Amino acid sequence: MKKINEILGMRYPIIQGAMANIATGEFAAACSNAGAFGIVAVGGLSPEKFEEEIEKCSRLTDKPFGVNLMLMHPQADEIAEIIARHPIAAVTTGAGNPGKYIPMWKEKGIYVMPVVASVLLADRMVKAGADAVIAEGTESGGHVGEMTTLALVPQMVDALDVPVIAAGGIADGRGMAAAYALGACGVQVGTCLLASNECPIHDNYKNAVVKAGDNATVVTGRSANAPVRVLKNKMARQYLLMESKRSERDELEKLTLGSLRKAVFDGDIDNGSFMSGQICGLVKEIRPLADIFADLTEGAEKVIKGLQEV
Ligand SMILES: Cc1cc2nc3c(=O)[nH]c(=O)nc-3n(C[C@H](O)[C@H](O)[C@H](O)COP(=O)(O)O)c2cc1C
C-alpha cells in the first residue's frame, strides 16, 4: 500500500488538519516546509481573503500544499472555483457532500480527500469521485462525529477501495503506528500542532493545550446538531448548562458568537471557544513543527520495530 506522502509528494505521511482562523497561508506553508502536507483553511474567511491566503502559501513554499473547503460556507460555490484556479495539490472538504465540485477539481489535477466520520458517507464520497478519504474520529478537536478513530478506520479500510487517512487522537509515534495497524496510509493531525512555535494562535491558547489533561475537553452543540469538541472553560460549561435547560438555538448562538476568534486572537480564557482534541493531555510542550513531524514519523517506525521484536 502506498503511503499518502508517496501520493502527494511530501516527506512525511502527515497532513496538517485544516483549522478555521488558524491554518493561514503562512502556517500551511510552514507545515509543508517542515515536511508535512500543509492545508489552508477557509473557515472564517471571505473568498477574497481565502484567495490571498492561498497566494501567500504559494509564495512561501515550493512544496505541495492543499486547502480545506467547509461546505457549509455561505459562498462555497465561489470558493470551489477559486480552488480550481490555483496550483493546489489536494483539497479536503468537511460538513457536506462536495460531489458537484469534484469533476471541476479533478480536471485541474487536484486530489480530493473529504473528511468523513462514517462509512456510509465515505462510500457516497467515493462514488462521487473522491480519491481518498480522511476518517476522523470523535476524539478530534473541532466539529466531531460519534465514532472513535479505533472503530472507524478499519471499517472504512475494509469498505472502500481508496486510501484512508486516520485523524483524531494522534499526537505521537504510538498513535501513528496504531493508524498504520488499522490500515491507514497516513495521518491527519490538528491538536498537537496548536502547541507549535509557528502556530499563529494566542499564547494563552497554546498554554491551555499544554496544561490540559486527558479529561479536559467536552463536546458542545449536540442539541443544535453541530457537536464541537473544545477545552472545558467558563464558556463551555455555560453552553452545556444552557443546552441541558433546552435553551433556544438563537440564545446558544448568541453565547458562541465570535468565540473562536476570542480564543485564537485574544486568548480570552473565559469566553473563548478553545477547540482541542482529547489527545491534548499528551501534548506537554511548545515545539517547532519540524520536531513534531519528525518525532511522529520516527516514533512510529520505532514502535513498529519494537512490536516485531516482541
Ligand atoms: C482548533 C481546531 C480547528 C479545526 N477546524 C477545522 C476546520 O475548519 N475544518 C476541518 O475540516 N477540520 C477542522 N478541524 C479538525 C482538524 O482538521 C483535524 O482533522 C483534527 O484536529 C484531527 O484530530 P486531533 O485534533 O485529535 O489531532 C479543527 C481542529 C482543531 C483542533
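For the single chain, residues carry numbers from 1 onward in sequence order. Just so you know, ligand 1 is whichever comes first in the structure, and atom 1 is the first atom listed for that ligand. Keep in mind that what you see is a predicted model, and the values were worked out from it rather than measured.
- When the shell of 6.0 Å around CD of E26 is examined, it contains 12 or fewer heavy atoms from other residues, nucleotides or ligands.
- The CD atom of E136 lies 12.0 Å from the CD1 atom of I165; values are rounded to the nearest 0.5 Å.
- A salt bridge does not link K245 to E251: none of the charged side-chain nitrogens sits closer than 4.0 Å to a carboxylate oxygen.
- Within the cation-pi definition used here (under 6.0 Å to the ring centroid, within 45° of the axis), K3 qualifies as a partner of Y180.
- Proximity of N21 to F265: side-chain heavy atoms (C-beta onward) are separated by under 4.5 Å at one or more points.
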Is there any protein N/O under 3.5 Å from an N/O of ligand 1, and what does the full list of such pairs look like?
| unit_1 | atom_1 | unit_2 | atom_2 | d |
| --- | --- | --- | --- | --- |
| ligand 1 | 5 (N) | A18 | O | 3.3 |
| ligand 1 | 5 (N) | A20 | N | 3.2 |
| ligand 1 | 8 (O) | A20 | N | 3.1 |
| ligand 1 | 9 (N) | N68 | OD1 | 3.3 |
| ligand 1 | 11 (O) | N68 | ND2 | 3.3 |
| ligand 1 | 12 (N) | A18 | O | 3.4 |
| ligand 1 | 14 (N) | A18 | O | 3.1 |
| ligand 1 | 17 (O) | A18 | N | 3.1 |
| ligand 1 | 17 (O) | A18 | O | 2.7 |
| ligand 1 | 17 (O) | Q188 | NE2 | 3.4 |
| ligand 1 | 19 (O) | E136 | OE2 | 2.6 |
| ligand 1 | 19 (O) | Q188 | NE2 | 2.7 |
| ligand 1 | 23 (O) | G168 | N | 3.4 |
| ligand 1 | 25 (O) | G141 | N | 3.1 |
| ligand 1 | 25 (O) | T191 | N | 3.2 |
| ligand 1 | 25 (O) | T191 | OG1 | 2.6 |
| ligand 1 | 26 (O) | G169 | N | 2.8 |
| ligand 1 | 27 (O) | G190 | N | 2.8 |
| ligand 1 | 27 (O) | T191 | N | 3.3 |

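- Using the six-membered ring where Trp is involved, Y12 and F293 have ring planes that are tilted, between 30° and 60° apart.
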